[in-house]
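Input: a single structure, listed below in structure tokens.
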Amino acid sequence: MNSKVCYSIILAGTVMLTGCGKKMNQFKSDYFSVNPNPLEVVGDKVPATVTGNIPAKFFQKNAEVTVTPYLEFNGMEVASAPYTFQGEKVRGNNPVINYNNGGSVTIPVQYVYNPEMNRSDLTLAFTVRQGNKQYALPRVKVAEGVVATAAIADAGTVTPAIANDKFQRIINEKYDADIKFLINQANLRKGELGSKSMLDLHKELVEANDDSRREIKEINIKSTASPDGGVKLNTKLAENREKNTLAYMQKSLKKDNITEFGELTANFTPQDWEGFQKLVATSNIQDKDLILSVLSMYKDPEQREKEIRNLSSVFDQLAETILPQLRYSRITASIDVIGKSDEEIMNIFLSNPKALTVDELLYAATLTDDNNKRLQIYDKAVELYPNDYRTYNNLGMCQYIDKDYEAAAANFAQAAKLAPNAPESQMNLGLVSLLNQNYKDASSKFGNAAGVDALGDALGVYYLKQGDYNSAVRAFGDSKTNNAALAQILNKDYSKAKNTLAGVKNPDATTFYLTAVLGARTNNNNMVYNNLRQAVKLDNNMLKRAQNDLEFANFNLSAL
């Protein structure tokens with residue numbers, strides 16, 4: 001064979017081998033960076049972004065590479081969605097890596113969080129296709145470990161919304177009666193004193209005086225005169241009407257042996273222009289707008305009376321229908337009805353709960369911090385008052401606190417059935433959805449619970465689960481809970497988190513654990529060890545969590 005021909009064949013073969021027939025070299029970990037590294041839990045997911053910077057003269061022109069990110073832990077592995085990119089001579093729609101210049105690729109990664117992932121490796125597996133050939137390249141490790149602090153967020157520790165009782169220890173009731181007077185007179189007429197309203201008023205006063213649960217707080221007498229007749233005359237009339245009515249009441253109270261009451265007061269209004277204006281405004285008098293206009297134009301009483309008398313077409317109507325109603329003494333009795341004491345309510349619940357109203361039963365449950373006792377009270381409330389949504393809602397609240405979530409959900413649903421617009425049961429159903437990771441339904445239910453006091457804590461956990469730490473902090477507000485402190489830690493507001501943890505009412509193992517995390521993040525070794533010891537003392541499971549937690553990777557936990 002001609003030597004030149006042989007050389008040409010050899011050269012052509014070499015070009016084919018290097019340009020499109022050569023296998024891919026192994027990828028190196030240096031080609032990839034991961035953000036964040038180590039990975040971090042966000043809500044209940046572990047998301048990350050892998051960025052590959054492929055060097056020049058590396059990626060074969062006819063190669064198609066599929067990268068599958070694996071998280072390897074404890075002898076197991078889970079895969080994220082595969083990602084494919086290709087050389088410049090491959091027909092396809094995947095991102096292209098240039099052979100001569102190299103290029104970059106971005107690979108999204110996401111896993112559903114599992115606590116065993118805390119100690120793990122993120123590796124990339126490569127499958128290469130060149131023409132009809134397919135082969136695998138060795139995996140490359142690109143990141144190590146998962147920071148799982150966000151996973152501490154716990155919807156199960158949120159206290160559900162309570163549907164409040166309407167129990168009032170003292171209810172004030174008012175009873176009144178009017179004594180009407182003839183024009184220019186102040187004497188009390190027998191017919192007025194024997195009217196039904198006066199007889200009923202005296203009856204209420206006598207019964208209140210004899211009832212240990214009722215207390216007469218005040219009896220007030222207000223006497224008036226109609227605006228016609230001049231200020232001087234009306235002042236004397238109103239004053240005499242007050243004196244006569246006061247004397248009558250003093251005599252009547254003495255006769256009925258009513259001696260224990262707050263006070264007996266009296267006052268008078270010489271010309272009741274305010275009452276006159278109200279009566280005219282609600283009347284059917286044809287020219288009432290003209291009368292009201294006069295009242296607004298003139299403030300002097302005598303000028304007002306003069307101008308109204310000049311309206312001869314309507315004054316006769318006023319004298320017949322309006323003015324007589326303003327010649328009276330009104331007697332008002334203010335009586336307090338005193339409800340059962342806390343001790344009485346609890347004793348009645350133990351002996352005869354049927355004797356309690358639904359509001360007294362719901363109130364009884366607020367008199368104890370023992371959740372088992374509250375369960376008993378609300379269970380009885382459901383039995384006695386099955387048509388009141390509050391009984392089911394509050395029973396579900398106690399069951400939720402007791403971590404009986406299935407029973408709680410059933411009672412929240414029944415409460416919502418009885419009162420579909422009740423915000424408390426809507427919030428609580430949202431809390432159940434949050435616990436079950438049904439975030440769309442939780443958000444919808446929370447949207448129907450505006451104004452509920454407990455909603456802030458529920459929304460705070462919802463935002464934590466979404467990885468929105470700023471919104472979580474705002475939702476928690478000044479709440480002193482573990483979840484609120486967690487949001488502040490994740491938002492890197494360590495000073496506020498420290499104050500929140502110090503204010504937790506009943507600190508538990510999680511409280512001390514989060515305080516230790518705070519110590520790790522602020523380089524306070526004593527805070528770490530002292531609080532971890534306390535956390536482990538309260539809950540031995542905290543030891544394993546701490547040993548697997550990358551927050552404490554630089555700490556020797558063997559002494560715990």
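All values reported here derive from a predicted model rather than from experimental measurement. One is the number of the first residue; the rest follow in order along the sequence.
Among Asp178, Asn220, Thr245, Thr224, the single residue meeting the side chain to side chain donor-acceptor pair (under 3.5 Å) criterion with Arg330 is Asp178.
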>> Determine whether Arg390 and Asp388 satisfy the following criterion, salt bridge (Lys or Arg N to Asp or Glu O under 4.0 Å), listing intermediate values before the conclusion.
In response: CA-CA 5 Å; Arg390 297 175 298 172; Asp388 193 314; 2.9 Å; yes

> Could you go step by step and tell me if Lys222 and Phe268 meet the side-chain contact (heavy atoms from CB on, under 4.5 Å) rule?
Replying inline: CA-CA 5 Å; Lys222 176 186 175 182; Phe268 66 89; over 6 Å; no

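In terms of heavy-atom proximity, His202 sits nearest to Asp256 at ND1-OD2, 4.2 Å. Looking at every heavy atom in both residues, Ala472 comes nearest to Ala487 through CB-CB, 4.0 Å. Heavy atoms only, all atoms of each residue included: Ala155 and Leu431 are closest at O-CD1, 4.2 Å. Across Cys398 and Arg374, no two heavy atoms sit closer than the pair SG-CB, 3.7 Å. For the residue pair Leu356 and Leu361, the shortest heavy atom distance occurs at CD1-CD2, 3.9 Å. Minimum heavy-atom separation, Val452 to Pro423: CG2-CB, 3.4 Å.
Using a 30° and 60° split on the angle between ring planes, Tyr400 and Phe412 fall in the tilted class, from 30° to 60°.
Contact annotation: the side chain of Asn394 never approaches that of Ile377 to less than 4.5 Å [non-hydrogen atoms, C-beta and beyond].
Shown here is Glu173, whose CD atom has more than 12 heavy atoms of other residues, nucleotides or ligands within 6.0 Å. The environment of Asn187 atom CG is dense: over 12 non-hydrogen atoms of other residues, nucleotides or ligands sit within 6.0 angstrom. In this structure, Lys196 places its NZ atom where only 12 or fewer heavy-atom neighbours from other residues, nucleotides or ligands lie under 6.0 Å away. Environment of NZ in Lys45: crowded, with over 12 heavy atoms of neighbouring residues, nucleotides or ligands closer than 6.0 Å.
Look at Glu263 and Lys217 and you find no salt bridge, because none of the NZ, NE, NH1 or NH2 atoms lies under 4.0 Å from a carboxylate O.
Scanning for ring pair (Phe, Tyr, Trp, His ring centres under 6.0 Å) contacts around Tyr378 gives an empty result, with sequence neighbours left out.
Both tests pass for Arg545 against the ring of Tyr513: distance under 6.0 Å to the centre and angle within 45° of the axis.
Two rings, from Tyr463 and Tyr469, have their centers 6.0 Å or more apart.
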